[in-house]
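Sequence lines set the chain letters: A, B, ... in the order given, protein chains first and strands last, and positions in each chain run from 1.
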4 protein chains.
Amino acid sequence: MTVVPDPVRRSDRARLAILGATVELLAEVGYRRLSIEAIAARAGVGKQTIYRWWPSKGAVVFDALMAQQEEAGTDVPETDDLAADLRLLLRGTVAGMADPGVDATYRALTTEVQHDAPLARDMRERMLGPLLEATRQRIARGQASGQIDGAVDPAVVVELLYGPIFHRWLLRTAPLDDAYADALAAHVLRAVRPG
Amino acid sequence: MTVVPDPVRRSDRARLAILGATVELLAEVGYRRLSIEAIAARAGVGKQTIYRWWPSKGAVVFDALMAQQEEAGTDVPETDDLAADLRLLLRGTVAGMADPGVDATYRALTTEVQHDAPLARDMRERMLGPLLEATRQRIARGQASGQIDGAVDPAVVVELLYGPIFHRWLLRTAPLDDAYADALAAHVLRAVRPG
Amino acid sequence: MTVVPDPVRRSDRARLAILGATVELLAEVGYRRLSIEAIAARAGVGKQTIYRWWPSKGAVVFDALMAQQEEAGTDVPETDDLAADLRLLLRGTVAGMADPGVDATYRALTTEVQHDAPLARDMRERMLGPLLEATRQRIARGQASGQIDGAVDPAVVVELLYGPIFHRWLLRTAPLDDAYADALAAHVLRAVRPG
Amino acid sequence: MTVVPDPVRRSDRARLAILGATVELLAEVGYRRLSIEAIAARAGVGKQTIYRWWPSKGAVVFDALMAQQEEAGTDVPETDDLAADLRLLLRGTVAGMADPGVDATYRALTTEVQHDAPLARDMRERMLGPLLEATRQRIARGQASGQIDGAVDPAVVVELLYGPIFHRWLLRTAPLDDAYADALAAHVLRAVRPG
DNA sequence: GCTTAAACGAGACGGTACGTCCAGTCTTACT
DNA sequence: AGTAAGACTGGACGTACCGTCTCGTTTAAGC
């Protein structure tokens with residue numbers, strides 16, 4: 001006996017229309033002025049159908065984003081040249097943030113998880129987690145191969161890489177460009193070099 | 001010729017009541033459920049008086065916070081022991097975020113500046129700027145005294161210090177405690193040490 | 001294809017509560033200080049529910065009155081004694097206006113139709129029309145039976161009966177009592193008598 | 001010791017500007033959307049100056065109208081031909097109502113006096129009274145000269161003349177034109193003819 | 001193939017808050 | 001003292017959405 005609707009009966013037509021309408025409206029009016037009411041109207045769907053399957057506006061948006069990006073896999077560069085790898089990683093990260101659509105939605109999502117614990121959990125586990133873990137493993141393998149000092153904590157290094165970019169991006173304290181990515185990579189490199 | 005009402009005529013009674021009510025309501029219901037309507041009611045003020053002087057809820061909250069904290073000056077530790085100074089700085093930062101009231105309001109503010117450019121500017125210039133600049137000068141003086149390598153860029157170091165904490169705090173990817181502050185300080189120290 | 005919401009879905013509970021609250025509030029505070037907001041609150045109804053079904057405050061009040069009075073049918077006295085009939089008709093009219101509740105609401109309605117054309121139409125067609133027409137037919141039958149001169153225009157006579165009362169009532173130029181009703185009836189009788 | 005401001009100090013400039021602005025705005029936006037605020041702004045006058053000298057919006061409008069019309073004296077036609085006099089009187093009355101500006105303002109005034117007793121008194125005494133009295137005297141003189149039956153009450157006849165027009169005008173139950181004026185005059189004539 | 005229960009579209013409902021407008025009062029500076 | 005200016009408290013406006021709640025209407029599973 002479950003309280004959740006039988007997933008078998010779920011209308012795929014409705015689900016896709018909702019996700020599609022959400023993506024469209026996000027682009028048109030932004031997250032702030034996005035309303036469940038508008039999504040339902042655009043998708044040609046009753047509001048109840050949205051409330052039946054998603055607990056909040058944030059959850060719909062999150063699913064819409066995940067659907068859009070599920071093919072774009074996480075890959076952390078890994079060659080013999082650690083310095084080049086770090087530069088490449090950070091330049092890629094910075095470039096991703098530069099896309100206006102991506103920028104807007106990630107800001108919205110970051111905003112939304114501040115007062116939506118289940119969504120925050122989803123974001124951590126399905127979005128952030130895989131990326132941070134992949135990066136941590138790259139650092140750990142760098143230690144194993146002697147390119148990185150064994151004393152450093154890979155988890156800390158991961159945040160040394162992404163934290164400053166996140167800070168600068170979200171608070172817009174300074175431009176986020178390749179020059180900054182390179183400078184940051186160079187400084188992190190100093191922190192992890194052996195000896 | 002200005003579009004803003006003559007500040008001379010502004011009622012200080014009303015201004016202070018609004019700021020006070022805002023602080024109270026923030027503590028009681030949180031930023032999300034804070035409404036202009038409720039602030040006006042609590043302050044015994046017409047809504048128009050709020051709209052006359054502030055462009056948005058975020059601006060009121062920002063002013064309320066600034067009023068509360070304007071005496072709490074920014075001070076970056078500066079002794080002969082660089083390592084101890086960094087640990088102290090980061091422990092202090094982490095401790096500040098731990099206060100539930102501070103935590104909630106800074107999250108709200110960070111959220112709000114994402115769709116409120118003038119407020120973002122205020123936050124950068126009046127709140128973040130002084131702190132980041134004071135920290136940058138501490139690093140620069142460390143270079144002048146030879147404790148820090150002359151090749152590092154003080155501005156990048158500032159973000160190496162605060163970025164990871166900000167990332168962990170806002171995204172709640174891991175606990176934010178003294179142990180983490182110390183570990184982070186140690187890693188940044190590796191990045192800036194001479195040689 | 002209609003622009004009006006499907007009447008089938010309309011909640012009778014809400015409709016009756018609104019009409020009831022309107023009648024109550026009219027009695028308590030008068031038309032002028034009657035607000036949609038207060039009606040909604042008293043009726044335990046969202047404001048939108050009122051705006052969904054009525055275009056204006058006046059329309060709500062009109063419906064409330066019609067609901068109250070729809071059973072009180074229009075009847076124009078008709079016996080063999082024309083003079084007595086006219087006296088009775090005008091005394092009845094005067095008496096109706098004397099009730100404080102009726103007085104206040106009709107004044108309000110008369111006021112409101114001055115700047116609300118659709119409401120004016122409703123008032124004419126659903127409220128005034130039937131009364132004036134019934135009176136006109138009484139006069140016409142008086143002509144048919146020879147009690148009234150065939151040369152007079154029944155429509156003009158109708159206004160000769162109600163016009164002076166309306167004028168004295170609305171402008172309060174003089175007391176509106178049975179003596180006046182009788183005097184007026186006598187004068188109109190002079191105007192319509194055969195010969 | 002009076003509570004009323006010393007009339008000596010009253011600024012005629014302000015008074016005239018207020019009355020003028022009121023007339024202009026009445027023509028532009030109508031009575032309903034006329035606000036004290038707008039009058040003050042248009043007249044270049046502080047709101048307090050209006051509140052100091054007039055108790056209500058209606059009073060300002062009434063004064064503005066009286067100022068406009070104080071020269072247009074009341075004159076009731078009086079020749080040897082009673083029928084022609086009555087036709088002329090009613091045609092003139094009907095024609096006055098036909099002017100859009102006059103129509104709008106008198107409707108507004110009639111509306112306003114419904115909930116403004118002092119204004120109602122003013123209207124009765126300074127506007128309606130003289131006209132009704134002049135008409136009554138015309139009827140009385142008609143009796144004295146034998147053109148009108150001595151048994152009729154002149155005051156009732158006055159209302160027999162104006163009441164139907166007022167009714168038809170305010171409620172817009174039928175067109176108000178010369179034909180109606182003539183028909184009405186003819187019927188009233190039947191009521192007052194000797195014998 | 002028929003039944004039946006769910007999910008569906010539609011949209012009304014009770015509410016909350018929005019941002020605007022104006023009323024009528026109060027305050028300040030100027031004339 | 002009267003005035004122009006305009007800030008003040010207060011309160012209603014009409015709108016936008018919220019999340020819940022019926023309504024019939026598909027739709028698809030299981031009898």
Side-chain angles (χ1 to χ4, degrees), chain A residues 5-15 17-18 33-41 43-53 55-57, chain B residues 5-15 17 33-41 43-53 55-57, chain C residues 5-15 17 33-41 43-53 55-57, chain D residues 5-11 13-15 17 33-41 43-53 55-57:
Chain A
D6 179 354
V8 164
R9 298 233 176 208
R10 183 167 190 178
S11 156
D12 236 54
R13 199 228 117 238
R15 208 187 101 258
I18 289 164
R33 284 195 298 262
L34 179 68
S35 68
I36 297 274
E37 208 126 0
I39 295 173
V45 137
K47 282 201 288 178
Q48 199 54 52
T49 301
I50 299 181
Y51 284 111
R52 182 151 37 226
W53 301 106
S56 68
K57 182 173 81 163
Chain B
D6 180 354
V8 162
R9 300 205 174 236
R10 183 166 190 177
S11 156
D12 236 56
R13 197 228 120 239
R15 205 187 104 258
R33 283 196 298 266
L34 177 67
S35 69
I36 297 273
E37 209 126 20
I39 296 174
V45 138
K47 280 202 287 178
Q48 199 54 55
T49 301
I50 300 181
Y51 285 111
R52 182 151 38 227
W53 300 105
S56 67
K57 183 173 81 163
Chain C
D6 181 353
V8 162
R9 300 202 172 246
R10 183 167 189 176
S11 156
D12 235 56
R13 199 228 117 240
R15 206 187 102 257
R33 282 195 300 266
L34 178 67
S35 68
I36 297 273
E37 208 127 16
I39 296 173
V45 137
K47 279 201 287 176
Q48 199 55 54
T49 300
I50 299 181
Y51 285 111
R52 186 156 28 231
W53 301 105
S56 66
K57 185 173 78 164
Chain D
D6 180 353
V8 163
R9 297 248 180 196
R10 182 166 190 178
S11 155
R13 199 227 119 240
R15 207 188 103 260
R33 285 195 298 266
L34 179 68
S35 67
I36 297 274
E37 209 127 26
I39 295 174
V45 137
K47 281 201 289 176
Q48 199 51 54
T49 301
I50 298 180
Y51 283 110
R52 181 149 36 227
W53 300 106
S56 67
K57 183 173 80 162

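Between the CZ atom of B:Arg33 and the P atom of E:dG15 there is a distance of 18 Å, rounded to whole Å. Rounding to whole angstrom units, CD1 of residue B:Ile50 and C1' of F:dA7 are separated by 14 Å. One can place CD1 of B:Ile39 at 12 Å from C1' of E:dA17, the figure rounded to the nearest angstrom.
For the pair A:Arg10 and A:Trp53, the cation sits on the ring face: its NZ or CZ lies under 6.0 Å from the ring centre, inside 45° of the axis.
Within 4.0 Å (heavy atoms only), A:Arg13 reaches sugar-phosphate atoms of the nucleic acid but no base atom.
For B:Ser11, there are no side-chain hydrogen bond (donor to acceptor under 3.5 Å, both in side chains) partners two or more places apart in sequence or in a different chain. In this structure, B:Ser35 has no side-chain hydrogen bond (donor to acceptor under 3.5 Å, both in side chains) partners at least two apart in sequence or on a different chain. Checked against side-chain hydrogen bond (donor to acceptor under 3.5 Å, both in side chains), D:Glu37 has the following partners two or more places apart in sequence or in another chain: D:Lys47. Evaluation of the side chain to side chain contact (heavy atoms under 4.5 Å, CB included) rule for B:Ala17 yields B:Arg13, B:Ala43 as partners, not counting sequence neighbours.
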Restricting both atoms to N or O, compile the protein contacts to nucleotides 18-22 of chain F shorter than 3.5 Å, with distance only.
from: F:dC18; atom 1: OP1; to: A:Ile36; atom 2: N; distance (Å): 3.1
from: F:dC18; atom 1: OP2; to: A:Ile36; atom 2: N; distance (Å): 3.2
from: F:dC18; atom 1: OP2; to: A:Glu37; atom 2: N; distance (Å): 3.0
from: F:dG19; atom 1: OP2; to: A:Tyr51; atom 2: OH; distance (Å): 2.8
from: F:dG19; atom 1: N7; to: A:Lys47; atom 2: NZ; distance (Å): 3.1
from: F:dG19; atom 1: O6; to: A:Lys47; atom 2: NZ; distance (Å): 2.7
from: F:dC21; atom 1: N4; to: A:Gln48; atom 2: OE1; distance (Å): 2.5

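Comparing the local axis fitted to the first five base pairs of the helix from E:dG1-F:dC31 to E:dT31-F:dA1 with the one fitted to its last five gives a bend of 10°, rounded to 10°.
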request  = Please test D:Thr49 against D:Arg52 for side-chain contact (heavy atoms from CB on, under 4.5 Å), starting from the C-alpha separation and ending with a verdict.
outcome  = CA-CA 5 Å; D:Thr49 301; D:Arg52 181 149 36 227; 3.7 Å; yes
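Annotation: of the two residues near DNA chain F, D:Ala40 and B:Ala40, the 5′-most nearest-nucleotide partner is D:Ala40.
The phosphate of F:dA4 (OP1 or OP2) has a side-chain N or O of D:Thr49 nearer than 4.0 angstrom. Considering only side-chain N and O atoms, B:Trp53 lies nowhere under 4.0 angstrom from the phosphate OP1 or OP2 of F:dG6. For D:Arg52, no side-chain nitrogen or oxygen approaches OP1 or OP2 of F:dG2 to under 4.0 Å.
Using modelled atom types, no side-chain atom of D:Lys57 and backbone atom of D:Ile36 make a donor-acceptor pair closer than 3.5 Å.
Closest approach of D:Val45 and D:Ala14 over heavy atoms only: CG2-CB, 3.9 Å. Here the shortest heavy-atom pairing between C:Ala40 and C:Gly46 reads CB-C, 4.3 Å.
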